[in-house]
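Every number for a ligand or one of its atoms is a count from 1 in the order of the listing.
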Amino acid sequence: MTKKKTVGILTGGGDCPGLNAVLRAVVKKGVITHGFEIIGILEGWKGLLESKTIPLTLRDVSGILHRGGTIIKTSRTNPFKLKDGIERIKRNIQELGLNALIAVGGEDTLGVASKLFEMGVDVVGVPKTIDNDLSGTDYTFGFDSAVNVVTEAIDRVHTTAESHNRVMVVEVMGRHTGWIAVVAGIAGGADLILIPEKPIDIHALNAAILKRHSRGKDFSIVVVAEGARFLRKPEDEGTLILKDQKTDEFGHVNLGGIGNLVAIEIEKGTGFETRVVILGHIQRGGSPTAFDRVLGTRFGIAAVDCVARGEFGKMVSLTGNKIVTVPLAEALAAPKFIDPELYEIAEVFFG
Ligand code: F6P
């Protein structure tokens, strides 16, 4: 009798809704159709460094589709930061008897996967992040859930802004791109949207708010992405606003707080009372939307099918409405910034 193929799966980086949908799909199709044994590697790359795993059977993934987060946990561990990290990973892959690996994550987790593939590990990537900033796929799962949380928050902020004749600044995540801000801003009817791709000209911003109020509106909603910066001069696009001075193992800074500065500038420049809401990790919590459940499911099925075909070094991707595969290295070559056409649509409603 031939030995069952053993496939390891891990979730790395910031969690997001839809991760459990991927796990469920990989196990269902992997076990039932392909006869694989699936092993869950705990806490992303940390679990592979420390050989911390759990079996993932059909029973383990039952009832998890609607749950946010990830049942196999996550971390921002970078094995390339350790002197013997890659050696340990390769040794543990062998000792655990893993024939292939499915890595579910954003640019960092998939960056490690891509390098490991070049070193001979059979790996497939699944694109996850609320930021939607990965090239090589039109959408990452988690993004739609975050956008829905932000849209609801903007709706709620609208009624209180209107009652008090206030300007409300809503700060959202998205790292160095404005996807969440622009899509949720359009959906929530934001009056201005500030994103990393377009440094903030505070005079133009205040002029737009004043113009809007001179037309009889007595409140405004300003959505600002955490990675937005103030334009100082045309040649100086300002500095990032950070929560603290820490960086993670991939060198990322802790963004946050730009909303407070924008609010101060607006109040100073317009005289309108201004309040700030920083949505933070609420955007990553809770149940996935139907879209993310379906996208996570489609990605999970496609990834385990890649393993069955022996197609490695690839990332599954949503291109148009089809699930395709793209080389990991290509998908990670550059971040995906906001589509300028989408921003132009948002701009129609500014001021
Ligand atoms: O990449 C997802 C994300 O939520 C970003 O939008 C945000 O900048 C970052 O992660 C926050 O990371 P942490 O959960 O480590 O604070």
Side-chain angles (χ1 to χ4, degrees), residues 10-19 22 43-46 68-70 72-78 81 103-113 125-137 139-151 153 170-185 193-197 223-229 239-262 277-289 292 295-296 315 331-332 334-338:
L10 61 83
T11 54
D15 74 329
C16 75
L19 285 162
V22 178
E43 298 175 42
W45 296 114
K46 186 165 183 260
T70 161
I72 54 171
K73 305 206 178 239
T74 185
S75 71
R76 293 198 187 276
T77 303
N78 181 358
K81 279 294 219 189
V104 188
E107 58 158 324
D108 302 329
T109 306
L110 298 185
V112 172
V126 177
K128 160 246 64 158
T129 167
I130 64 162
D131 304 333
N132 200 36
D133 60 351
L134 275 181
S135 297
T137 186
Y139 285 100
T140 52
F141 70 88
F143 171 64
D144 186 66
S145 301
V147 161
N148 274 278
V149 170
V150 176
T151 304
V170 181
E171 181 183 310
V172 303
M173 284 184 165
R175 207 153 248 168
H176 302 294
T177 67
W179 284 100
I180 297 177
V182 172
V183 177
I193 304 172
L194 312 174
I195 58 172
E197 291 90 335
V223 174
V224 56
E226 61 179 0
R229 289 158 296 160
T239 44
L240 290 167
I241 306 304
L242 309 181
K243 265 197 237 146
D244 51 47
Q245 293 309 309
K246 290 185 206 139
T247 51
D248 69 16
E249 292 189 11
F250 291 89
H252 296 297
V253 289
N254 246 337
L255 295 170
I258 180 85
N260 293 317
L261 304 185
V262 167
V277 180
I278 300 180
L279 292 177
H281 291 81
I282 288 171
Q283 295 161 91
R284 291 221 312 251
S287 289
T289 55
D292 280 338
L295 186 58
M315 182 185 89
L332 299 166
K336 183 178 72 190
F337 291 108
I338 193 73

Chemist: If we ignore hydrogens and angles and just use 3.5 Å, is the side chain of Thr74 paired with the main-chain N or O of Thr11 as donor and acceptor?
Modeler: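 Here the side-chain-to-backbone pair exists.
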Chemist: Would you say ligand 1 has an N or O under 3.5 Å from any N or O of Arg76?
Modeler: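 Arg76 vs ligand 1: N/O contact under 3.5 Å present.
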Chemist: Indicate, as side chain, backbone, both or neither, the part of His252 found under 4.0 angstrom from ligand 1 when only non-hydrogen atoms are considered.
Modeler: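 Neither part.
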Chemist: May I ask you to check whether over 12 heavy atoms, not counting those of Lys243, lie within 6.0 Å of atom NZ?
Modeler: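 Atom NZ in Lys243 is packed in, count exceeds 12.
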Chemist: Check contact between Gly174 and ligand 1, using heavy atoms of the residue and a distance below 4.0 angstrom.
Modeler: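 Yes; Gly174 lies near enough to ligand 1 that a heavy-atom distance drops under 4.0 Å.
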Chemist: Mark up the atoms of ligand 1 that fall under 4.0 Å of a heavy atom belonging to Glu226, in ascending order.
Modeler: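 Within the 4.0 Å cut-off of Glu226, ligand 1 contributes 5 (C), 6 (O), 7 (C), 8 (O).
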Chemist: Is it true that a side-chain atom of Asp292 and a backbone atom of Ser145 form a donor plus acceptor pair closer than 3.5 Å?
Modeler: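 Flag set: sc Asp292 to bb Ser145 pair under 3.5 Å.
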Chemist: When you measure from atom 11 (C) of ligand 1 to every protein heavy atom, which one gives the shortest distance, and what is it?
Modeler: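 Ranked first by proximity to atom 11 (C) of ligand 1 is Arg284 NH1, 3.6 Å.
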Chemist: List the steps, then state whether side-chain hydrogen bond (donor to acceptor under 3.5 Å, both in side chains) holds for Asn148 with Thr289.
Modeler: CA-CA 8 Å; Asn148 274 278; Thr289 55; 4.8 Å; no
Chemist: Does the Glu171 side chain pair with the main chain of Gly257, one donor and one acceptor, at a distance under 3.5 Å?
Modeler: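 Confirmed, Glu171 side chain pairs with Gly257 backbone.
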Chemist: Ignoring hydrogens and angles, tell me if any N or O in the side chain of Asn78 forms a donor-acceptor pair with the backbone of Glu249 under 3.5 Å.
Modeler: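 Pair found, side chain donor or acceptor close to backbone of Glu249.
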Chemist: Just jot down the ligand 1 atoms closer than 4.0 angstrom to any heavy atom of His281, in number order.
Modeler: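 Answer for ligand 1: 13 (P), 14 (O), 16 (O).
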Chemist: Under 4.0 Å from any heavy atom of Ile130, which atoms of ligand 1 are there?
Modeler: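 Counting atoms of ligand 1 from 1, those under 4.0 Å from Ile130 are 4 (O).
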Chemist: What do we get for Asp131 next to ligand 1 when only non-hydrogen atoms under 4.0 Å count, side chain, backbone, both or neither?
Modeler: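 For Asp131, only side-chain atoms sit under 4.0 Å from ligand 1.
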